[in-house]
Every structure is written in structure tokens, then in C-alpha cells.
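When a ligand or atom number is given, it counts from 1 through the structure's own listing order.
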Amino acid sequence: MDTFPFIIFYSLISFSVLEFSTAANTLTPYQSITNGESLVSSGQSFELGFFSPSGSKNLYLGIWYYKISPETVVWVANRETPIADSYANLTINSDGNLVLFNATKGVIWSSNSSTVQNSSVAQLLNSGNLVLKKNTDADTESSYIWQSFDFPPDTLLPSMKLGWNLKTGLNRYLTSWRDATDPSPGDFTYGVDITGLPQPVLKKGSSEKIYRTGPWNGVRFSGVGVRLNPVSKPSFIASEDELYYMYEATNNLYITRLMLNQLGLLQRFILNEGSSEWAVINAVPNDTCDDYGQCGANGICRINNRPVCECLDGFIPNSQEEWDLLNWSSGCVRRTSLDCESGEGFVKLKNVKWPDLLDFWLKESLNLEECEAECLKNCSCIAYANSDIRGGGSGCLIWFGDLVDIREFNNKDGEQDIYIRMPASELSRHTGVILFYDIHILLLLSYMSAA
Ligand SMILES: *[C@@H]1O[C@H](CO)[C@@H](O)[C@H](O)[C@H]1NC(C)=O
Ligand SMILES: *[C@@H]1O[C@H](CO)[C@@H](O)[C@H](O)[C@H]1NC(C)=O
Ligand SMILES: *[C@@H]1O[C@H](CO)[C@@H](O)[C@H](O)[C@H]1NC(C)=O
Ligand SMILES: *[C@@H]1O[C@H](CO)[C@@H](O)[C@H](O)[C@H]1NC(C)=O
């Protein structure tokens, strides 16, 4: 994060703005800033102050990029409690919290931390994080009493965590603005869903899944494919205490941010040196196969096929009439049901986004062969895969119930396969079928008949 592109700002700063270069980055007890005043981070990347979205008369406390115009707001304090007139005052009150007052001294917003100390100061860091800490403390995360990075609005900046602090229950997720003039929470959220294997999910309202990245496969999110992204390096941290996605900027020539817009598009923007216009370098959902559950249960989405949806091998449309009308929502059912008799095996589906983890089981200690054996042991198991694709693959992920939200990737270099259980009669229809189980039985039979 220390490599954030100061260079760009440096070259953009002309003599005419030298007067601002002494702007403070810290608010100490009894100091305050009012409308028209601001804090500027030490490396001059970000500015904290008051703004009104264009088309709105409301006043908000926010953070934006210093020296990038038009103003690109990355954080808003009083999203739901705008100030209607033009007076606002941000200060540190006697209990050490940041408090935003209006003209009649009404409290509009507060950092509202119960762990504050009366000697606290607020500092705008060059990462864009506004932190509250004891004046004497070093800049380490554990010394922060409160930080704006814990309350992201619609924008994820480099080094910001998206996800959970499992100890405190804090969940950091993005919420879109209502519209371009109103930063109050809109319809869409993007956060780490921990109901199954943890995976970032884009939702409309509280429950409708729009897009999911798939769980982390050791290298990337399994549903993202091998998309080269030269400007950011993602990571996913899963420990006892924390569970989050984060990215670092990898290139000093660009400024990058991830933003969830009011239409539910999650876009990665970059701004390169010498330019004043943000460019979108990728966005999700990116195509119809990204739409959650596009092909219904047990369907597979292939973006270059027409129609894009097909049933998985061994499955047929639940309703042929609806399927013919390109309505795939009712999905697919097995042509021949599984009977859990010997002779069942698996069909390998190569290079796909894993189905959603609705009913699953994970054992990281098992290898692929053991995983297959484990799946065959349980009549409800319908698919398995390596949970970690690194080094040829390891770990065992097993699915029960319907397989929802599978897509095929175009990139031929993906190594993310899944093995889907088939009855014996279906296996004989296919070439390229995996028959470990049957081979063992055949060997046994031939051995027995030979004996
Ligand atoms: C200031 O905020 C208080 C509390 O929210 C509110 O009752 C009052 O009307 C506001 N004053 C002005 C001038 O907006
Ligand atoms: C501060 O937090 C308490 C409890 O969490 C809540 O009831 C109160 O409304 C909050 N106050 C403000 C100003 O956000
Ligand atoms: C698709 O089929 C479902 C029933 O399976 C129905 O509820 C839905 O309205 C149909 N959608 C369209 C666009 O016709
Ligand atoms: C099979 O797996 C399901 C789901 O985890 C479980 O409820 C069931 O008890 C298992 N059956 C056997 C025979 O292990």
C-alpha cells in the first residue's frame, strides 16, 4: 500500500496549489473542520471534507481523491443522514469520538466507538483510510480505535478488507448508492457470504443472488476464470479470526478502485498517469453466464453456444416446452436416476465454475482418489472436486442435491474440473468417462473368474 501512486499526484501538482500542500492530515481534540475546510493525507492521495453530489443540495462528510477532478468520492460518513443546509462541523468530542454536527448542534453522525479514549486523534492516511487512534500510537491496525475502512460504502480501495472479523462479528461489505445524487444505501450489496464455503456474492436486496465469484481455489476465486488483471493482486485470508478478500495495487502507474454501482455492476476502474478519465477494465456480471443460476438446476452455461444453456450430460430439461422457449429457470433432471448400485461412476467436466455450495462437504486432507471413494460411499453425493487446484490439486469438495450456477470457461488453461456422478447406463453413453470404480470391479470379476 505504501507504493500507492504518489508519483502521479506529484507530477500533477502545480505551483498554484502549493498553498494547500500544508493542509493537515490530522484532527486533534478541540480542533474542528467546517464546510470548505479539509484534511489531506500526507502523500496527497486523498482528501476528507464536505461535498454535495452534483444535482443535490445535501451536504455529506466524505473522502475523495485529492487532485482528481471531477471529485471521485470513495467514502461517505452520513450516507443516510444528509445535512440539509450548508453548515457542518466535524470535531472530536470530549469522549474521544469523531462527531459531525449541524448548525443547531444536532448530532448528524458519529464514529460511535465504545472503546475510545479521550486523547484520541483522527488521521487521514494516504491509503484513504480515516483512523481514530491515540495520539502517541504508531500506525498499526491494532492501534486503531475506529477506521473508515471498516465501514465501506460502495468502493473497495487497495488494502481494504471485504469480509468478516469473526471475533467481533464485524462484516464489511459494499452497498451501492441509491442513485448518482444520493449516497444512501441502494439495492445492491457485495460481500463475503459465509453460509457455505466463503465466497464473495453480489446480491439484490437481502437474499437474491445476482452473481457469485465461487469459493477460493487456492489461486483465485473459482468462478472468475483466468482473467489477467495487470493492476491488482487479489488475496483471500481465511483464519480463525478473520475471513476476507483484499487486493493490492501492483502497478504504480495506475490508481485502481473497485466500485459497486447503483445498477448492480461491480466495476474495476483504473486511472493512468496523465489521464483524468477513469477507465473500466472489467466488470461483473460480465455476460449472461455470470447471472446467478442462469441455466437452472443441473444446467450449464456456455457463452459461445446458442442457446447458451444446456443440461449437464445425463440430464434432460425439467420442462421441454419452457426450455424450447429459452426459459431455463426450471432446470434439468436426470434422464436415469441414480440407484446407488455398483457400476456408478463419474463424468469429468473440465474447466468450469464450480456449482454453488448449497449443500456440501469439505475435507482438505483427502486427495482426488479418496474423494471419489468418499462420494461413492454416500448415496446422496452427486459430485466431487479438488478444493485446491495448486500443485496438481488437493483437498476434497463434495456436493449433495442440485448443481446450480455452473458455467464453462473459455480459457483452456484453467485446471478446475468437477466429477459428476452417473448411473452405469449413462456412463456407457459417453466417451472420456472416468471409471475407476468400474475398473476395480472388472479387475475383481476377472480375477475371480480366473481363479
Ligand atoms: C440538526 O439536526 C437535528 C437532529 O438531527 C435536527 O433536529 C435539526 O433540525 C437540524 N438542524 C438543522 C438546521 O438542520
Ligand atoms: C451509537 O451506537 C448505539 C449502540 O450501538 C446506537 O444505539 C446509537 O444510535 C448510535 N449513535 C449514533 C449517533 O450513531
Ligand atoms: C419461466 O418459467 C417459470 C416456471 O418454471 C415461470 O414462473 C416464469 O414466469 C417463466 N419466465 C418467463 C420469462 O416466461
Ligand atoms: C450422506 O451425506 C449426507 C449429507 O452430508 C448425510 O446427511 C448422510 O448422513 C450421509 N449418509 C451416509 C450413509 O453417510
### Task
Any atoms of ligand 4 less than 4.0 Å from a non-hydrogen atom of Asn378? List them with their elements.
1 (C), 2 (O), 3 (C), 8 (C), 10 (C), 11 (N), 12 (C), 14 (O)

### Message
Can you tell me which portion of Trp361 lies within the under-4.0 Å heavy-atom range of ligand 4? Options are side chain, backbone, both, or neither.
### Response
neither

### Message
For the residue pair Gln267 / Asn282, report whether a side-chain donor-acceptor contact shorter than 3.5 Å exists.
### Response
no

### Message
Within the protein, is there a heavy atom lying under 4.0 Å from atom 14 (O) of ligand 1?
### Response
yes

### Query
Between the side chains of Ser45 and Asn126, is a donor N or O closer than 3.5 angstrom to an acceptor N or O?
yes

### Query
Are side-chain N/O atoms of Thr91 and Gln31 paired as donor and acceptor at under 3.5 Å?
no

### Query
So is Ser330 polar-close to ligand 3, meaning N/O to N/O under 3.5 Å?
no

### Query
Near Glu322, which atoms of ligand 3 are under 4.0 Å from a heavy atom of that residue?
2 (O), 4 (C), 5 (O)

#### Entry: Side-chain ion pair, Asp182 and Arg79, N-O less than 4.0 Å
no

### Query
Would you say the side-chain atoms of Ser329 and Asn327 include a donor-acceptor pair closer than 3.5 Å?
yes

### Message
Among all the protein's non-hydrogen atoms, which is closest to atom 9 (O) of ligand 3, and how far away is it?
### Response
Asn327 ND2, 4.7 Å

### Query
Which residue supplies the protein heavy atom nearest to atom 2 (O) of ligand 1, what is that atom called, and how far is it?
Asn102 ND2, 2.3 Å

### Query
Does the protein place any heavy atom closer than 4.0 Å to atom 4 (C) of ligand 4?
yes

### Query
Which of the atoms of ligand 1 are close to Asp85, meaning less than 4.0 Å from one of its heavy atoms?
13 (C)

#### Entry: Ser329: numbered ligand 3 atoms lying under 4.0 Å from its heavy atoms
1 (C), 2 (O), 3 (C), 5 (O)

### Message
Quiz question for you: does at least one protein heavy atom lie closer than 4.0 Å to atom 7 (O) of ligand 4?
### Response
no

### Message
Looking only at side-chain N and O atoms, does Ser111 offer a donor or acceptor that is under 3.5 Å from a partner on Asn97?
### Response
yes

### Query
Is it the case that Tyr419 and Asp417 place a side-chain donor and acceptor less than 3.5 Å from each other?
no

